[in-house]
Amino acid sequence: MSRFVIDLGDVPLSKEATAALNADLQKVALSHIAGLQLDKPWVVKFPRDWLGFILRKDFEAIIEGQRALEKGLLQTTGRM
């Protein structure tokens with residue numbers, strides 16, 4: 001399973017710069033996935049609580065993936 005995390009920690013970014021970087025990173029990842037030409041549709045979710053997205057084969061897997069990622073984020077940072 002591929003997971004990519006970019007944690008810029010204390011890098012001072014404005015809200016506009018953060019939004020632009022998030023959009024660019026999502027665009028790059030989604031364009032690579034589109035290039036795979038998968039034979040079935042996949043489900044994508046853009047969580048409101050953090051930047052990025054989750055991609056899975058079905059809705060159940062999205063929910064499980066989000067829970068696992070949030071649990072990991074909570075353990076790593078103590079917050080989400």
**OP:** Could you state whether Ile6 and Leu13 fall into the same hydrophobic cluster, counting links through intermediate Ile, Leu, Val, Met, Phe, Trp or Tyr residues with side-chain heavy atoms under 4.5 angstrom apart?
**Re:** yes
Original post:
At what distance, to the nearest 0.5 angstrom, does CG of Leu8 lie from OG1 of Thr18?
Top reply: 8.0 Å
**OP:** Could you check if a side-chain atom of Leu69 sits within less than 4.5 angstrom of a side-chain atom of Trp50, using non-hydrogen atoms only?
**Re:** yes
**OP:** Could you grab the distance from atom CD of Glu60 to atom CD of Glu64, nearest 0.5 Å is fine?
**Re:** 6.5 Å
**OP:** Taking Asp58 for its side chain and Val43 for its backbone only, find out whether a donor-acceptor pair lies under 3.5 Å.
**Re:** no
Original post:
According to a 4.5 Å side-chain heavy-atom criterion applied to Ile, Leu, Val, Met, Phe, Trp and Tyr, with indirect links allowed, do Trp42 and Phe53 form part of one hydrophobic cluster?
Top reply: yes
Original post:
With sequence neighbours left out, which residue pairs that include part of residues 29-41 fulfil the side-chain hydrogen bond (donor to acceptor under 3.5 Å, both in side chains) condition?
Top reply: none
**OP:** Please report the shortest heavy-atom distance between Phe46 and Gly52, naming the atom on each side.
**Re:** CD2-O, 3.7 Å
Subject >> Single-linkage hydrophobic cluster Val5~Ile62, side-chain heavy atoms < 4.5 angstrom >> reply: no
Original post:
Closest heavy-atom contact between Gly65 and Arg56?
Top reply: CA-NH2, 3.7 Å
Subject >> Side-chain heavy-atom pair Leu25, Phe4 within 4.5 angstrom cut-off >> reply: no
Original post:
Are any non-hydrogen side-chain atoms of Leu21 and Leu51 less than 4.5 angstrom apart?
Top reply: no
Subject >> Any side-chain heavy-atom pair of Ile33 and Leu38 under 4.5 Å >> reply: yes
